[in-house]
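Encoded as structure tokens, the structure appears first; notes follow it.
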Amino acid sequence: MDYKKTLNLPKTKFPMKANLAKREPEQLKAWEENELYHKIRDISKGKERFILHDGPPYANGHIHIGTALNKILKDIIVRSRQMTGFDAVYVPGWDCHGLPIEHNVDKELGSKKKEMSQSDIRRLCRAYAEKYIDIQRGEFKRLGVMGEWENPYLTMNYEYEAIIARECGKFALDGSLFRSKKPIYWCCDCKTALAEAEIEYHDDTSPSVFIKFLLKDDVSEDIPALAGKKVYVVIWTTTPWTIPANLGIALHPDFDYAAVDTGNNEVLILARDLAETCMETFGISDYSILADIKAKTLERKRCAHPLYDRDSLIILAPHVTLETGTGCVHTAPGHGREDYEVGLQYDLDVYSPVNDNGCFTDDVEFFKGQFVFKANKEINAKLREVGALIAEEDITHQYPHCWRCKRPVIFRATPQWFISMERTGLRKKSLEEIDKVKWIPHWGRERIYGMIENRPDWCVSRQRAWGVPITVFYCEDCGNAFMNQYIIDHVFELFKAHGADIWLEKDVKELIPEDAVCETCGSKAFKKETDILDVWFDSGVSHAAVLEQRDYLKWPADLYLEGSDQHRGWFHSALLTSVGTRGKAPYEAVLTHGFVVDESGKKMSKSLGNVVAPKQVIDKYGAEILRLWVSATDYRDDIRISENILKQLSDAYRKIRNTCRFLLGNLYDFDPSKDAIPYSSMPEVDRFALYKLLGLIEKAHKAYDRYEFHVIYHSLYNYCTVDLSSFYLDILKDRLYASSPEPLERRSAQTVIHTLLDAIVRLMAPILPFTAEEIWKFMPEREGKKESIHLTSLPVANAAWNDPELAEKWEYLLEVRGEVTKALEEARARKLVGHPLDAAVIVSANANAYNILRSYAEELRSLFIVSKATLVQEEAPPEGAYECEDIEGLSILVVPAPGEKCERCWIHDPSVGTNPEHPGVCSRCQAALKEIEALKG
């Protein structure tokens with residue numbers, strides 16, 4: 001007889017090989033055809049909302065691995081919140097305006113651009129953005145990201161553009177928006193102003209120069225030692241190109257300064273504490289200090305500019321430091337924020353003789369038309385020629401670069417539009433709101449707090465074509481800016497109907513209401529502003545354009561989630577635009593993740609060849625492995641990825657999948673509605689398995705609530721490999737396979753297996769949506785089973801499973817089992833036994849251990865997976881026994897099992913051969929065969 005056919009061996013059509021790269025697109029198509037997302041929305045109506053507001057990626061190019069990380073994290077959160085009982089709507093969005101798109105369009109146009117109007121260029125920019133929105137939408141969906149893909153928000157949609165203009169108008173009405181000539185970051189390559197968030201710092205080599213300015217005013221009355229001396233104030237700078245714009249020299253009001261006699265009747269004034277270091281730099285060894293000078297003594301004294309016939313005023317400023325240089329700071333109010341601010345106090349001109357291309361204007365003698373950075377050498381040469389250059393060397397330091405073109409930027413004063421941080425208390429209010437937000441990780445609070453606390457006024461104007469215009473009118477007669485609520489509403493309706501392009505395409509008379517009159521002079525003649533808004537303003541007001549405009553969302557959002565760089569980007573601009581117009585932050589919580597790096601922790605770059613593209617991973621492994629990677633690491637730090645890491649995760653995925661496949665395979669004849677066994681009737685080991693499941697469920701719920709997905713991954717993986725595969729399922733095989741189909745013990749095991757699988761598949765669904773759905777399809781049908789796992793909820797543990805007393809006993813049994821395994825391994829090494837079923841074990845226990853184990857004496861054989869297990873009470877271990885190191889009073893003697901091997905269950909038993917009808921099987925299997933025959937009859 002073929003006894004194998006009488007065993008209840010696993011049966012399932014659930015494939016062992018995942019073949020994710022092929023099956024995932026098929027599943028995506030099925031979800032789309034079945035309108036799964038809309039079904040989820042339908043069953044969620046009336047539930048409490050949870051809104052993760054999407055920070056819009058830029059519509060330019062294919063997604064990269066960092067973008068994939070971000071979108072998968074969001075999807076895991078949205079799915080888990082949905083399965084926790086919330087109505088978790090996810091509206092994806094795109095940032096569509098801005099310079100990168102315009103640059104690419106410019107490149108494609110080449111020389112043709114000269115023939116095109118701004119409106120023509122804007123239309124091409126819109127088409128370019130639409131192209132990549134479609135590309136990225138497909139790439140995000142391929143990751144398994146669930147959302148309102150057919151109705152995303154786009155910053156270039158007409159209504160969104162109208163809201164951008166309206167929100168800017170609110171700042172104008174309350175006096176926060178103002179136009180001023182003050183120094184801002186300027187990209188000479190992009191030819192536009194930049195905000196703080198658009199600046200990156202990279203190492204750059206600059207000329208470090210020390211320059212002397214002749215002191216024109218006589219100070220001998222206050223400092224007699226300088227009488228009759230030629231006195232110079234020495235400055236230090238790493239930007240010689242700003243020397244033509246020098247109007248002052250700043251000293252710190254609290255520092256002591258020294259008059260250093262260098263011989264030849266020449267005296268140098270510099271900080272007392274830096275005098276020795278500076279003299280070494282200058283190569284001057286023979287010097288003496290004539291006098292100590294208080295900074296106040298020199299205030300408002302005049303120096304002669306070394307190159308031009310104008311004065312350089314000595315001023316006092318707290319930003320001067322003793323870290324390097326001379327303690328006398330070259331001041332050009334048109335080329336530095338601190339220079340500008342202190343210059344205002346001394347009525348210095350905001351002089352910035354540099355044009356949009358970064359070249360000196362015609363009024364700059366010696367250097368007109370030269371690009372500023374290239375002019376450094378000639379300026380230094382001229383200073384040397386006139387005897388003003390004392391020392392020169394190159395230094396490498398962190399210098400601001402444009403985040404788009406990656407080239408060094410300059411500080412340059414031009415008329416720009418700003419949102420004030422002080423006029424309406426925007427800074428103070430924003431800092432107060434920061435403390436009301438939950439920052440994850442907690443250091444996010446300190447990061448953004450410091451940025452808001454120290455940031456300058458927000459420069460919101462840009463000198464480009466592709467963006468939303470700053471919709472301000474100027475009176476042609478008096479020149480004043482003109483804005484009121486009536487105009488804001490009028491422009492809003494125009495933009496809503498026609499888009500922002502109308503600002504460029506229509507004459508000012510068609511844009512401003514007919515009855516508009518200048519409130520200052522009564523004129524009716526106006527012109528329009530030509531600058532556009534900073535794109536950070538565009539995305540910053542998404543809370544107004546999306547959360548407030550869609551009635552199925554809510555304001556403020558529950559969560560914003562982006563990379564840690566967005567403390568100075570989207571989190572920042574969203575906070576300012578929201579607090580400035582609504583007095584409150586637009587988010588309840590902010591979560592940030594790190595950046596993706598390679599296996600060695602290096603930043604990814606094409607030149608290093610360590611870039612990992614999402615498509616490559618998906619084509620080889622499937623999106624599930626990418627999602628598993630996202631969940632497997634603590635994303636609050638930088639996240640490493642490599643081929644080796646992906647292979648390890650692929651192996652881990654396979655183990656989880658195969659565990660689920662085993663569970664499915666043992667449910668082929670199980671009907672949950674008819675065959676389930678009540679908890680009270682289950683054997684202890686089954687109840688212990690449910691106790692362990694309870695721990696997993698509770699841990700996973702807490703981890704989902706805290707966004708600690710790595711805890712879920714590791715818990716689920718360890719549960720499948722340790723608690724199930726290495727323990728419960730291992731000892732369960734004999735009961736599942738060898739018994740007849742119907743006894744309570746087998747049905748109990750199947751009941752638990754079904755409960756385990758149902759919980760596992762729900763817990764994994766937010767992280768592994770494709771695999772969870774695939775498993776769900778193969779699970780036994782039952783009343784109330786949903787068509788998709790994603791229409792269900794996370795599992796809730798049954799309180800009845802919480803039996804700590806039972807768990808304590810079985811944890812001890814597990815320790816004993818571990819010791820038995822060690823004893824069996826030792827016996828195998830001595831060739832005493834081969835397979836564990838070839839063995840019989842005699843467990844010798846002292847009184848204490850014996851009292852714990854004796855009630856489980858009948859279960860020890862199946863627990864140890866041996867043919868026979870005997871428990872005896874002995875204080876001393878028998879000869880040849882394995883003595884347990886970790887459990888006191890316990891030893892294990894391994895001997896060959898008595899009897900022949902059963903052909904059906906493989907257990908060695910003396911009863912084998914005693915039944916003429918089935919001489920090759922044991923008595924237990926003989927009884928099972930009779931039951932099987934009875935069931936057939």
Would you please test His53 and Trp570 for ring pair (Phe, Tyr, Trp, His ring centres under 6.0 Å) and show each step?
-> CA-CA 12 Å; His53 182 41; Trp570 189 53; 5.5 Å; yes
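- Using a 30° and 60° split on the angle between ring planes, Tyr399 and His397 fall in the tilted class, from 30° to 60°.
- A salt bridge is defined here as a Lys NZ or Arg NE, NH1 or NH2 lying under 4.0 Å from an Asp or Glu carboxylate O, and Lys71 with Asp54 meets this definition.
- Checked against the 6.0 Å centroid criterion, the rings of Tyr474 and Phe482 do not qualify as a close aromatic pair.
- The salt bridge (Lys or Arg N to Asp or Glu O under 4.0 Å) check on Lys181 picks up nothing, with sequence neighbours excluded.
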Begin from the C-alpha positions of Ile470 and Ile532 and carry the test side chain to side chain contact (heavy atoms under 4.5 Å, CB included) through to its verdict.
-> CA-CA 5 Å; Ile470 297 176; Ile532 63 168; 5.9 Å; no
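- Salt-bridge formation is not detected for the pair Glu198/Arg568: no Lys NZ or Arg NE/NH1/NH2 atom is positioned less than 4.0 Å from an Asp or Glu carboxylate oxygen.
- Taking 4.0 Å as the cut-off between side-chain N and carboxylate O, Asp531 and Arg464 do not count as a salt-bridged pair.
- Residues in residues 93-127 take part in these ring-ring contact (aromatic ring centres under 6.0 Å, His included) pairs, two or more places apart or across chains: His97-Trp466.
- Side-chain N/O atoms of Ser176 and Thr424 include a donor and acceptor closer than 3.5 Å.
- Summarising the geometry of Phe360 relative to Ala375, their closest heavy-atom pair is CE1-CB, 3.6 Å, with the distance given to 0.1 Å.
- In summary, Lys429 and Glu432 do not engage in a salt bridge, as defined by a charged side-chain N under 4.0 Å from a carboxylate O.
- A salt bridge links Arg445 with Asp435: at least one charged nitrogen is closer than 4.0 Å to a carboxylate oxygen.
- Here the side chains of Leu533 and Arg462 are not in contact, with every heavy-atom distance at 4.5 Å or above.
- The side chain to side chain contact (heavy atoms under 4.5 Å, CB included) test applied to Pro456 returns Glu196, Arg337, not counting sequence neighbours.
- Listed by first and then second residue, the salt bridge (Lys or Arg N to Asp or Glu O under 4.0 Å) pairs involving residues 474-502 are Arg122-Asp501 (not counting sequence neighbours).
- Close placement of the Trp241 and His335 rings is indicated, their centers lying within 6.0 Å of each other.
- Taking Thr414 as the reference, Ile184, Trp186, Arg412, Gln416 meet the side chain to side chain contact (heavy atoms under 4.5 Å, CB included) condition, with sequence neighbours excluded.
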Determine, stepwise, if the pair Asn454 / Tyr449 fulfils side-chain hydrogen bond (donor to acceptor under 3.5 Å, both in side chains).
-> CA-CA 9 Å; Asn454 298 302; Tyr449 195 96; over 6 Å; no
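- In this model, no donor atom of one side chain and acceptor atom of the other lie less than 3.5 Å apart for Trp439 and Glu446.
- Of the possible polar contacts, none joining the Ser573 side chain to the Phe537 backbone as a donor-acceptor pair under 3.5 Å is found.
- Of the possible polar contacts, none joining the Thr592 side chain to the Ser564 backbone as a donor-acceptor pair under 3.5 Å is found.
- Contacts of Arg166 classified as salt bridge (Lys or Arg N to Asp or Glu O under 4.0 Å), with partners at least two apart in sequence or in another chain: none.
- For Ala545, the side chain to side chain contact (heavy atoms under 4.5 Å, CB included) test picks out Tyr160, Ile163, with sequence neighbours left out.
- When side chains are defined from C-beta on, Met156 counts as touching Ile133, because their heavy atoms get closer than 4.5 Å.
- Residue His330 forms a side-chain contact (heavy atoms from CB on, under 4.5 Å) with just one option from Asp339, Leu247, Thr237, Thr238, and that option is Thr237.
- Under the 4.5 Å side-chain criterion, counting only non-hydrogen atoms from C-beta, Met116 is in contact with Leu124.
- Between the side chains of Ser117 and Asp120, at least one donor N or O sits under 3.5 Å from an acceptor N or O.
- Salt-bridge formation is not detected for the pair Glu453/Arg427: no Lys NZ or Arg NE/NH1/NH2 atom is positioned less than 4.0 Å from an Asp or Glu carboxylate oxygen.
- Within the 4.5 Å cutoff, the side chain of Val460 has heavy atoms near those of the Leu177 side chain.
- Of the possible polar contacts, one joining the Gln463 side chain to the Ala193 backbone as a donor-acceptor pair under 3.5 Å is found.
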Passes side chain to side chain contact (heavy atoms under 4.5 Å, CB included), Val354 versus Thr361? Steps please.
-> CA-CA 5 Å; Val354 177; Thr361 54; 5.9 Å; no
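- For the pair Glu562 (side chain) and Gly55 (backbone), a donor-acceptor distance under 3.5 Å is present.
- Between Tyr132 and Tyr128, the two ring planes are tilted [angle within 30° to 60°].
- Taking the charged nitrogens against the carboxylate oxygens, Arg123 and Glu130 have no contact shorter than 4.0 Å, which rules out a salt bridge.
- Qualifying side chain to side chain contact (heavy atoms under 4.5 Å, CB included) partners for Arg550, counting only residues two or more places apart in sequence or in other chains: Val91, Glu148, Asn151, Tyr153, Val546, Tyr552, Leu553.
- Taking a 6.0 Å sphere around NZ of Lys107, one finds it holds 12 or fewer heavy atoms contributed by other residues, nucleotides or ligands.
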Could you go step by step and tell me if Thr239 and Thr242 meet the side-chain hydrogen bond (donor to acceptor under 3.5 Å, both in side chains) rule?
-> CA-CA 6 Å; Thr239 55; Thr242 61; 3.1 Å; yes
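- With contacts defined as side-chain heavy-atom distances shorter than 4.5 Å, the pair Phe418/Cys459 qualifies.
- Not counting sequence neighbours, the partners of Asp189 by the side-chain hydrogen bond (donor to acceptor under 3.5 Å, both in side chains) test are Arg407.
- Note on Arg582 versus Glu167: salt bridge recorded, some NZ/NE/NH1/NH2 to OD/OE distance being below 4.0 Å.
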Could you pull out all donor-acceptor pairs under 3.5 Å where a side-chain atom in residues 506-514 meets a protein atom, sequence neighbours excluded?
residue: Asp507; atom: OD2; partner: Lys509; partner atom: N; Å: 3.0
residue: Glu510; atom: OE2; partner: Asp507; partner atom: N; Å: 3.4

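- For Lys436 and Glu433, the salt-bridge test passes: some basic side-chain N is under 4.0 Å from an acidic carboxylate O.
- Residues Val590 and Leu559 are not in side-chain contact: their nearest non-hydrogen atoms beyond the backbone lie 4.5 Å or more apart.
- Scanning for side-chain hydrogen bond (donor to acceptor under 3.5 Å, both in side chains) contacts around His202 gives Glu200, with sequence neighbours left out.
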After noting the C-alpha distance and the side-chain angles of Thr155 and Asp538, does the key distance pass the side-chain hydrogen bond (donor to acceptor under 3.5 Å, both in side chains) rule?
-> CA-CA 7 Å; Thr155 60; Asp538 289 17; 4.7 Å; no
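- Side-chain contact check for Tyr560 versus Pro586: some heavy-atom pair is nearer than 4.5 Å.
- Considering every non-hydrogen atom in both Pro353 and Asp363, the closest pair reads CB-OD1, 4.1 Å.
- Judged as a ring-ring contact (aromatic ring centres under 6.0 Å, His included), the pairs with a partner in residues 483-518 (not counting sequence neighbours) are, in order, Phe473-Trp503.
- Proximity of Phe411 to Tyr185: side-chain heavy atoms (C-beta onward) are separated by under 4.5 Å at one or more points.
- A tilted orientation is assigned to the rings of His543 and Trp555, their planes being inclined by 30° to 60°.
- Ionic pairing of Asp356 and Lys191 is not present here: no N-O contact between side-chain nitrogen and carboxylate oxygen is shorter than 4.0 angstrom.
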